[in-house]
Amino acid sequence: GENVEQHPSTLSVQEGDSAVIKCTYSDSASNYFPWYKQELGKRPQLIIDIRSNVGEKKDQRIAVTLNKTAKHFSLHITETQPEDSAVYFCAASRFWGDQGGKLIFGQGTELSVKP
Amino acid sequence: NAGVTQTPKFRVLKTGQSMTLLCAQDMNHEYMYWYRQDPGMGLRLIHYSVGEGTTAKGEVPDGYNVSRLKKQNFLLGLESAAPSQTSVYFCAIQVRGQPQHFGDGTRLSIL
């Protein structure tokens with residue numbers, strides 16, 4: 001079945017360093033890849049997304065890259081701050097298909113930014 | 001809360017009891033989803049709906065039923081609760097072509 005693998009499961013960085021989280025998906029028909037941030041006890045919140053017709057997208061300190069051939073996509077956070085500490089989830093979807101936009105999530109990465 | 005309200009926020013059940021979780025939206029979105037979140041496993045899709053009166057199975061549908069009689073409401077039912085259904089349940093809504101937005105979740109414990 002469809003699957004998304006996410007690595008690492010935990011990541012600890014010093015404030016100001018960069019953090020990279022990687023995901024691999026199995027469904028070659030996936031065409032939409034969102035990233036969600038979830039703080040403890042809160043709901044997942046979308047931080048950035050990318051569609052399969054684009055290789056890279058940036059939003060201030062956050063960027064996502066996509067390699068369709070290898071079925072890999074990654075989240076890059078630069079100049080990390082303590083408030084970036086949270087669990088991050090990647091997901092993949094056939095965004096425009098008749099299945100709606102159902103998301104297959106990775107297992108999550110717990111990011112800890114140490115002051 | 002992105003226009004999504006989940007009730008209740010917390011609930012404790014005994015094994016074998018039944019209950020219904022409600023997801024209500026005020027945004028007139030077509031698509032609605034129910035996910036469960038367990039430690040170390042991310043979010044997994046239980047059931048979803050692409051419009052009023054329609055539902056479909058997701059990754060982990062067993063033990064759950066859903067209904068969407070009105071466009072604004074998506075109900076998730078547990079007919080006979082089991083300890084394995086202890087989880088945090090999230091509802092999400094979506095307009096076609098836009099990202100999914102999640103409710104605040106329902107924390108369910110089954111003893």
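Just so we're on the same page: letters track the sequence lines, and every chain starts at 1.
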Partner set under side chain to side chain donor-acceptor pair (under 3.5 Å) for E79(B), not counting sequence neighbours: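 By the side chain to side chain donor-acceptor pair (under 3.5 Å) rule, E79(B) matches N65(B).
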Test side chain to side chain donor-acceptor pair (under 3.5 Å) applied to D62(B) - qualifying residues, sequence neighbours left out: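 None.
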Would you call [X] and [Y] a side-chain contact if the rule is heavy atoms closer than 4.5 Å?
X       : Y       : result
Y31(B)  : K102(A) : no
P99(B)  : Y32(A)  : yes
F89(A)  : Q37(B)  : yes
F105(A) : E59(B)  : no

Does a sphere of radius 6.0 Å around [atom1] in [X] hold more than 12 heavy atoms from other residues, nucleotides or ligands, not counting ones at 6.0 Å or beyond?
X       : atom1 : answer
L111(B) : CG    : yes
E15(A)  : CD    : yes
E83(A)  : CD    : yes

[X], [Y]: one ILVMFWY side-chain cluster at the under-4.5 Å cut-off?
X       : Y      : result
F33(A)  : V4(A)  : yes
F102(B) : W35(A) : no
I47(A)  : V87(A) : no
M27(B)  : F74(B) : yes

Donor-acceptor pairs under 3.5 angstrom involving side-chain atoms of residues 50-57 of chain B: please list them, not counting sequence neighbours.
| from | atom 1 | to | atom 2 | distance (Å) |
| --- | --- | --- | --- | --- |
| E52(B) | OE1 | K71(B) | N | 3.4 |
| T54(B) | OG1 | G51(B) | N | 3.1 |
| T54(B) | OG1 | G51(B) | O | 2.8 |

Derivation of the side-chain contact (heavy atoms from CB on, under 4.5 Å) call for R43(A) and F90(B): CA-CA 8 Å; R43(A) 61 187 171 95; F90(B) 285 100; 3.9 Å; yes
Under 4.5 Å from a heavy atom of chain A, the part of L45(B) involved: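 Looking at L45(B), just its side chain touches chain A.
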Gap separating the CG atom of L103(A) from the CZ atom of R44(B), nearest 0.5 angstrom: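 Rounded to the nearest 0.5 Å, the CG-CZ separation comes to 15.5 Å.
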Chain B contact via Q38(A) - side chain, backbone, both or neither, heavy atoms under 4.5 Å: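 Interface part for Q38(A): side chain.
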Atom group of P44(A) that falls short of 4.5 Å from chain B, counting heavy atoms: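 Backbone plus side chain of P44(A), per the 4.5 Å heavy-atom cut-off to chain B.
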Chain B neighbours within residues 107-115 of chain A, where any heavy atom lies under 4.5 Å away: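 The stretch touches chain B at Q107(A).
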